[in-house]
Amino acid sequence: MTGKEAQLRQFREQIAQRAGAILDLEVPQLADAISDPPTRELGDLSLPCFQLAGPLKQAPAKIASQLAAASWDFPWIEAVETAGPYLNFKLRRDQFSKLALERVEQGSDQWGSGSSGHGKRVIVEYSSPNIAKHLAVHHLRSTMLGQAMANLLRCSGHEVVSWNHLGDWGTGFGKLLACWDLFRDTDNLDDPALELREDPVSDLNALYVLYNQASESDPQLESVARDWFRKLEAGDPLAVERWQRIRSVSLDKFDAIYQRLGVHFDQTIGESHYQDAMLAIVKELEGAGILEQSDGADVVRLSEDIPPLLVRKQDGATLYGTRDLASAVLRHQMFPFDRCLYVVDAGQGLHFRQVFGVLKRLGYRWAEDLEHAEFGVMRLQVDGAWKKGKTRGGQVVLLEAVLEQAVQLATSKVHSKNPDLAEDEVAKIAEAVGVGAVIFSDMKSARRKDVNFDLEKILSFDGETGPYLQYTHVRFCSILRKASDLNIKSGGGGRLVEADEVVLLKRVLRFPEVIARAARDAEPSHLSQYLLELAGEFNTYYAQHRVIGDDLELSSDRLALVAALKRTLGKGLELLCVTPLERM
RNA sequence: GUCCCCGUAGCUCAGCUGGAUAGAGCAUCGGAUUCCUAAUCCGGAGGUCGCAGGUUCGAAUCCUGCCGGGGACGCCA
């Protein structure tokens with residue numbers, strides 16, 4: 001509850017409540033209407049009176065004057081003035097800054113967290129790569145957006161189950177299982193054993209390519225692969241063992257990268273897990289009488305503007321959609337949820353509408369709580385033009401390679417900026433800066449927008465970037481370090497009377513609201529944008545004022561402001577999986 | 001053809017539930033470093049918010065139509 005109290009909203013609500021009392025009028029959402037005036041000269045908070053005009057049958061400007069004439073005896077209000085239909089409040093800065101800092105302090109480690117999700121459970125599905133392949137840059141979107149959403153939801157009080165829906169099943173794996181025998185002379189996967197290799201996934205990929213080349217001249221190979229997959233489905237011990245090993249080395253590789261990115265899953269359940277559940281769901285569809293035959297396949301019809309969902313092929317095999325139906329049912333059994341997010345690219349929009357639609361037809365009320373948190377495609381530069389990055393044609397850019405490049409560049413930059421640092425510290429900082437730059441660039445703008453993966457831009461580290469935020473955080477830390485050396489303690493804030501100090505405090509107090517909104521909309525960019533604004537405002541302030549100066553008491557109050565900013569930016573960066581740094 | 005997403009400065013994007021003069025970054029031009037990190041800051045230039053209607057006291061924001069870009073549309077995932 002501390003979190004909820006420590007918001008700018010509390011100040012707005014007090015104003016709204018008083019306005020209602022003066023006018024003897026109930027206006028439910030009045031506090032939401034209170035915002036910032038366009039210029040500082042006009043005041044610090046503003047209440048537009050348009051909405052009040054209707055119920056009161058008076059001109060907005062007249063209502064504003066009436067309100068201005070009444071008593072506003074809050075200790076933190078200095079003056080109330082009208083500007084036409086707007087009622088503008090000037091804050092009493094000494095009081096306001098004191099209250100504001102107190103509220104951040106009350107939040108302590110919980111600063112930013114709220115209670116909007118209290119008692120609610122959310123499942124977030126994201127990342128969901130295919131085993132036996134490398135994570136590529138295009139996996140970054142789902143992985144980081146999903147992790148940030150999970151963090152934001154958790155921070156706003158939800159119980160979150162993060163879910164990795166692994167692509168670990170399908171006829172394609174038959175080929176890999178066959179490779180063990182087919183290419184013994186080229187690469188015997190038991191010698192050295194897959195698990196002991198430096199890069200087992202690359203070796204598997206190489207064999208996969210060999211297989212596809214071979215099958216062009218020898219069509220028989222296709223059926224060999226099918227046989228192996230059939231064996232796998234039937235539970236043949238050798239097939240299962242080989243598949244397990246592929247799965248296991250793949251997961252090890254994923255985990256290494258997930259760890260670098262700050263990504264963690266509560267559940268890693270692959271498509272292989274739904275064999276029985278799929279049979280059950282098909283039976284259920286039959287029982288409900290909504291499974292129909294169409295061209296020899298089984299489909300479920302939906303409303304007019306959506307094509308039917310294909311549940312079973314002519315040969316009786318199940319499909320992607322069947323798996324998603326089964327998975328949704330199982331999820332709800334395991335963790336009855338209030339909301340279930342699928343962080344999957346926008347191209348799957350129709351697919352999810354179909355799956356959700358079928359579950360609704362089955363009468364599952366929780367189907368309303370399924371949500372496709374779609375995002376735009378990542379495009380790569382190919383011959384000067386931006387193209388969707390697909391695995392075809394070997395054009396895939398490995399995520400690890402991108403991270404390496406970013407870290408390398410960061411390393412040389414740290415060296416030149418800070419030559420005195422120890423080597424292991426440089427490595428740590430460069431890792432955080434390089435990886436942070438890549439992550440932040442992906443979460444800076446609205447998730448629905450397509451993004452061009454512009455490595456040059458990502459590695460520029462200037463302007464609205466992850467490193468910019470980290471640098472700002474480093475400034476906070478430097479100031480606090482210096483103060484600590486000089487033995488200056490944080491003050492209560494009563495001397496923060498500069499206009500830009502009020503701006504900064506208002507910004508800080510908005511933090512919990514921003515998190516709640518970002519969690520509600522499953523939109524990490526709300527937080528990214530907020531942090532950029534906070535950093536920008538501070539850096540402007542920093543250029544004009546000294547925090548630690550001759551006036552000891554003023555210094556200690558400004559230190560408290562810096563501490564509040566540091567707490568806010570630090571927490572915000574963590575939520576976005578960017579590491580806040582002490583130096584760089 | 002049907003459906004979904006997008007269209008704001010040269011480029012990349014913010015703009016909350018409609019509110020006062022539409023904001024950043026990059027690029028460009030000019031400036032700031034005896035002092036808490038210049039990965040920063042300040043200033044200049046740059047916009048009929050795709051177009052046309054409508055709703056409203058008020059529209060970049062909501063509704064309709066059109067134009068442009070991207071994507072998806074049954075036996076892949």
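Across A:S327, A:P129, A:S127, a single residue satisfies side chain to side chain contact (heavy atoms under 4.5 Å, CB included) together with A:H165, and that is A:S327.
No donor-acceptor contact under 3.5 angstrom links the side chains of A:D324 and A:Y342, judged on distance only. In the model, A:H138 has no side-chain atom that pairs as donor or acceptor with a side-chain atom of A:D345 under 3.5 Å.
A:E513 comes within contact range of no nucleotide atom at all, as no heavy-atom separation falls under 4.0 Å. Among the heavy atoms of the strands lying under 4.0 Å from A:D295 is at least one base atom, whether or not backbone atoms are also near. When heavy atoms are screened at a 4.0 angstrom cut-off, A:A346 is found touching no nucleic acid atom at all. Backbone-only engagement by A:P307 is indicated by non-hydrogen atom pairs under 4.0 Å involving sugar-phosphate atoms exclusively. Among the heavy atoms of the strands lying under 4.0 Å from A:T39 is at least one base atom, whether or not backbone atoms are also near. The residue A:G349 sits apart from the nucleic acid: no heavy atom pair falls under 4.0 Å. Within the nucleic acid shown, A:Y468 comes within 4.0 Å of sugar-phosphate atoms alone, with no base atom in reach, counting heavy atoms only. Among the heavy atoms of the strands, none lies under 4.0 Å from A:V562. Contact annotation for A:H545: base contact, defined as any heavy-atom pair under 4.0 Å involving a base atom. Contact annotation for A:V311: no contact, since no heavy-atom pair falls under 4.0 Å across all strands. Across all strands shown, A:R323 has heavy atoms under 4.0 Å from sugar-phosphate atoms exclusively, and none from any base.
With hydrogens and angles ignored, the 3.5 Å screen pairs no side-chain donor or acceptor of A:E374 with any backbone N or O of A:Q348. Distance alone, capped at 3.5 Å, places no donor-acceptor pair between the A:E222 side chain and the A:S215 backbone. Of the possible donor and acceptor atoms, one in the side chain of A:H372 sits under 3.5 Å from a partner among the backbone N and O of A:V344. When atom types are taken as modelled, the side chain of A:R507 and the backbone of A:F538 share no donor-acceptor pair closer than 3.5 angstrom.
The base of B:G74 is paired with the side chain of A:S294 by a donor and an acceptor separated by under 3.5 Å. A donor-acceptor contact under 3.5 Å is formed by the side chain of A:N88 with the base of B:A20.
In this structure, A:Y86 does not pack face-to-face on the six-membered ring of B:G19, missing the 5.5 Å centre cutoff or the 30° plane limit. Aromatic stacking is not marked for A:F50 over B:G58, as the cut-offs of 5.5 Å for the centres and 30° for the planes do not both hold.
The side chain of A:R448 sits closest to B:C5 out of B:C5, B:G74, B:C3. Nearest nucleotide to the A:E374 side chain, out of B:C75, B:U21, B:C5: B:C5. Minimum atom distance to the side chain of A:P37 is reached by B:A20, of the listed B:A20, B:C75, B:C36. If you check B:C3, B:A20, B:C73 against the side chain of A:L350, the one that comes closest is B:C73. With distances taken from any side-chain atom of A:A83 to the nucleotides B:A20, B:U40, B:C76, the minimum falls on B:A20. Between B:C36, B:U40, B:A77, one nucleotide has an atom nearer to the side chain of A:D462 than all others, and that is B:U40.
Distance, A:L42 CG to B:A20 C1': 8 Å, rounded to whole Å. A:M378 places its CE atom 17 Å from the C1' atom of B:G71, with the value rounded to the nearest Å. For A:R546 and B:C41, the CZ to P distance is 18 Å, given to the nearest whole Å. Separating the CD atom of A:Q544 from the P atom of B:U40 is a distance of 17 Å, rounded to the nearest angstrom. The CD atom of A:Q51 sits 11 Å away from the P atom of B:G19 (whole-angstrom rounding). Spacing between atom CD1 of A:I131 and atom P of B:A77 amounts to 15 Å, rounded to whole angstrom units. Rounded to whole Å, atom P of B:C76 lies 12 Å from atom CZ of A:F229. Here B:G25 presents its P atom at 19 Å from CG of A:D454, a figure rounded to the nearest Å.
Nucleotide B:A52: paired with B:U64 (Watson-Crick or G-U wobble, both distances less than 3.5 Å). Across all strands shown, the partner of B:G30 is B:C42, judged by Watson-Crick or G-U wobble contacts whose two distances both fall under 3.5 Å. In this entry B:C11 has B:G25 as its Watson-Crick or G-U wobble partner, both defining distances falling under 3.5 Å. In this entry B:G1 has B:C73 as its Watson-Crick or G-U wobble partner, both defining distances falling under 3.5 Å. In this structure, B:G18 forms no base pair with any nucleotide, since neither Watson-Crick nor G-U wobble geometry is met with both distances under 3.5 Å.
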**Report entry** Letter per nucleotide, 5' to 3', of nucleotides 7-15 of chain B [B base touched, S only sugar-phosphate touched, - untouched; heavy atoms, 4.0 Å]
**Finding:** S----SSSS
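Scanning all heavy atoms of the two residues, the minimum distance from A:L576 to A:S528 falls at CD1-OG, 3.8 Å.
Where A:V474 and A:S46 meet RNA chain B, the nucleotide closest to each residue was compared, and A:S46 sits on the side nearer the 5' end.
Between B:G70 and B:C75, the two P atoms lie 24 Å apart (nearest whole Å). Taking atom P in both B:G23 and B:G46, one finds a spacing of 15 Å when rounded to whole Å. B:C13 and B:A27: their C1' atoms are spaced 14 Å apart (whole Å). B:U17 sits 23 Å from B:A24 when the C1' atoms are compared, rounded to a whole Å. Look at the C1' atom in both B:A22 and B:U55: the space between them is 22 Å, to the nearest Å. B:U21 and B:U40 have their C1' atoms separated by 28 Å, given to the nearest Å. Taking atom P on both nucleotides, B:A38 is separated from B:U48 by 38 Å, rounded to a whole Å. With both ends at atom C1', the span from B:A60 to B:C6 equals 14 Å, rounded to whole Å.
Between B:C73 and A:R353, no contact under 4.0 Å exists linking OP1 or OP2 to a side-chain N or O. Between A:T540 and B:C42, a side-chain N or O to OP1/OP2 separation shorter than 4.0 Å is present.
The closest side-chain heavy-atom distance from A:M144 to A:V438 is not below 4.5 Å. A 4.5 Å side-chain heavy-atom check between A:L531 and A:L527 finds at least one atom pair inside the cut-off.
Considering CG of A:L319 and CE of A:M278, their distance stands at 9.0 Å, rounded to 0.5 Å. The line from OG of A:S412 to NE2 of A:H415 is 8.0 Å long, rounded to the nearest 0.5 Å.
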**Report entry** Derivation and outcome, ring pair (Phe, Tyr, Trp, His ring centres under 6.0 Å), residues A:F173 and A:Y208
**Finding:** CA-CA 9 Å; A:F173 293 108; A:Y208 193 83; 8.6 Å; no
Query raised in the report: Do A:Y126 and A:F375 pass the ring pair (Phe, Tyr, Trp, His ring centres under 6.0 Å) test, and can you show the C-alpha distance, the side-chain angles, and the key distance before you say yes or no?
Result: CA-CA 11 Å; A:Y126 55 101; A:F375 58 82; over 10 Å; no
What pairs of nitrogen or oxygen atoms, one from the protein and one from nucleotides 54-56 of chain B, lie under 3.5 Å apart?
none

